[in-house]
Enquirer: 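Let me give you the structure first, and then I'll get to my questions.
Letters go in sequence order (proteins before strands), and every chain restarts at 1.
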There are 2 protein chains.
Amino acid sequence: MVERRLRRSGQRYTANRRALVDALREAPQPVTVAQLVEVTPSVVQSSAYRNLAVLERADAVHRVVTTDDFARYELAQDLTEHHHHLVCRSCGGVTDFTLSPEFEQRLESVLAAAAEGDDFDSDDHRLDVLGTCSNCS
Amino acid sequence: MVERRLRRSGQRYTANRRALVDALREAPQPVTVAQLVEVTPSVVQSSAYRNLAVLERADAVHRVVTTDDFARYELAQDLTEHHHHLVCRSCGGVTDFTLSPEFEQRLESVLAAAAEGDDFDSDDHRLDVLGTCSNCS
DNA sequence: ATGAGTGCAAAGGCTTTGCATTAGG
DNA sequence: CCTAATGCAAAGCCTTTGCACTCAT
């Protein structure tokens with residue numbers, strides 16, 4: 001699946017990229033590049049950044065922005081499951097959660113209507129809850 | 001209102017801070033620090049960063065994270081009106097939009113339930129629509 | 001062969017910080 | 001007065017980039 005997306009955008013599925021994707025598959029939640037490099041010592045930092053950028057352009061991974069200074073990555077949601085994030089203001093950590101399909105659908109239609117009104121071409125939404133995780137409270 | 005919040009957290013409402021808040025009040029949407037400094041030449045960049053941090057801790061302004069490398073700021077939503085953002089993937093620009101009070105309320109209760117299940121102490125949510133703005137399309 | 005991918009090191013760019021000076025209460 | 005705030009410059013830190021080398025096709 002990831003391989004197909006890479007090929008589609010004219011990219012190879014190299015050992016480094018495989019290692020990164022495997023690591024992301026293992027991760028239960030979005031991880032920073034530093035964490036990723038630590039788990040996959042065969043991939044040096046600059047290659048990790050470059051490959052994550054390639055994977056993102058191929059829609060295989062997704063970059064998650066939280067409140068701290070670290071970019072986090074996760075597998076593309078259509079390779080996993082559509083979900084949202086609990087973002088801890090204290091440690092910057094991210095936990096996934098999902099909403100019912102009914103509510104998701106309702107949300108999508110409401111958002112589509114809002115974007116339409118502003119002549120905005122929407123392709124995704126991002127719904128995060130901010131607060132304090134159980135570890136930090 | 002802003003002044004009260006600053007005093008509450010033991011901070012002064014100085015000329016620089018006033019200028020920043022006034023500029024934010026004028027801005028129709030979240031603005032970058034660079035834009036802010038440009039509009040308020042009396043405030044140098046480092047003071048802008050420091051003061052925005054103070055104002056954020058006092059809950060007077062709110063830091064908005066988009067997809068580019070620039071932090072954006074807006075007045076705290078309870079000083080304006082609760083709203084959400086259309087974030088352009090191309091230029092990083094942000095436009096505000098609102099949802100109906102009914103839907104907002106529904107959303108809040110759904111999110112509260114989800115956070116509860118993860119033992120997460122939620123205090124806010126952030127709902128952004130990603131896509132392409134009319135300028136960039 | 002030949003262009004994409006990689007590693008290392010250096011550079012970029014937004015943001016933060018040290019320090020001497022100024023101003024608010 | 002005396003602490004907080006300010007300006008300037010320098011440093012930090014995540015991220016990107018240049019360049020030579022290696023690998024896949």
Enquirer: Could you give the CG-to-P distance, from Asp68(A) to dG12(D), as a whole number of Å?
Expert: 21 Å
Enquirer: Pick the closest DNA chain D nucleotide for Gln11(B) and for Val44(B) by heavy atoms, then say which residue is nearer the 5' end.
Expert: Gln11(B)
Enquirer: Do any side-chain nitrogens or oxygens of Asn16(B) fall under 4.0 Å of OP1 or OP2 in dG7(D)?
Expert: yes
Enquirer: Under 3.5 Å, which donor-acceptor pairs link side chains of residues 41-56 of chain A to any protein atom two or more places apart or in another chain?
Expert:
residue, atom, partner, partner atom, Å
Asn51(A), OD1, Arg17(A), NE, 2.6
Asn51(A), OD1, Arg17(A), NH2, 3.2
Asn51(A), ND2, Ser47(A), O, 3.1

Enquirer: Applying side-chain hydrogen bond (donor to acceptor under 3.5 Å, both in side chains), can you list everything that pairs with Ser122(A), at least two apart in sequence or on another chain?
Expert: none
Enquirer: Starting at CG of Leu20(A) and ending at C1' of dT6(C), how long is that distance when rounded to a whole Å?
Expert: 12 Å
Enquirer: List DNA chain C stems (3 or more consecutive Watson-Crick/G-U pairs, under 3.5 Å)?
Expert: C:1-25 with D:1-25
Enquirer: Could you give all pairs that pass the side-chain hydrogen bond (donor to acceptor under 3.5 Å, both in side chains) test and reach residues 19-40 of chain B, with sequence neighbours left out?
Expert: Thr32(B)-Gln35(B)
Enquirer: Write down the atom of Arg5(A), the atom of Ala76(A), and the distance for their closest heavy-atom approach.
Expert: NH1-CB, 4.1 Å
Enquirer: Could you list the residues that satisfy side chain to side chain contact (heavy atoms under 4.5 Å, CB included) with Asp121(B), not counting sequence neighbours?
Expert: Thr132(A)
Enquirer: Taking side chain to side chain contact (heavy atoms under 4.5 Å, CB included) as the definition, give me every residue that meets it alongside Asn135(B), ordered by chain and number, with sequence neighbours left out.
Expert: Cys133(B)
Enquirer: Please output the side-chain donor-acceptor pairs of residues 90-104 of chain B that fall under 3.5 Å, not counting sequence neighbours, one pair per line with the distance.
Expert:
residue, atom, partner, partner atom, Å
Ser100(B), OG, Glu102(B), OE1, 3.4
Ser100(B), OG, Phe103(B), N, 3.1
Glu104(B), OE1, His82(B), NE2, 3.1
Glu104(B), OE2, His84(B), NE2, 2.5

Enquirer: How many whole angstroms separate atom CD of Glu56(A) from atom C1' of dT16(D)?
Expert: 15 Å
Enquirer: For Arg17(A) and dC23(D), what is the distance between atoms CZ and P respectively, to the nearest whole Å?
Expert: 16 Å
Enquirer: Round to the nearest Å and state the distance from Arg18(A) atom CZ to dC23(D) atom P.
Expert: 17 Å
Enquirer: Mind checking salt bridge (Lys or Arg N to Asp or Glu O under 4.0 Å) for Asp68(A) and listing every partner two or more places apart, or none if nothing turns up?
Expert: Arg72(A)
Enquirer: Base, sugar-phosphate or nothing for Thr32(B)? Non-hydrogen atoms, less than 4.0 Å.
Expert: nothing
Enquirer: In this structure, which one of Thr14(B), Leu36(B), Val61(B), Val33(B) forms a side-chain contact (heavy atoms from CB on, under 4.5 Å) with Leu20(B)?
Expert: Leu36(B)
Enquirer: Summarise how protein sits on nucleotides 11-25 of chain C as a single string, 5' to 3': B when a protein heavy atom is under 4.0 Å from the base, S for sugar-phosphate-only contact, - for no contact.
Expert: ---SBBBB-----BS
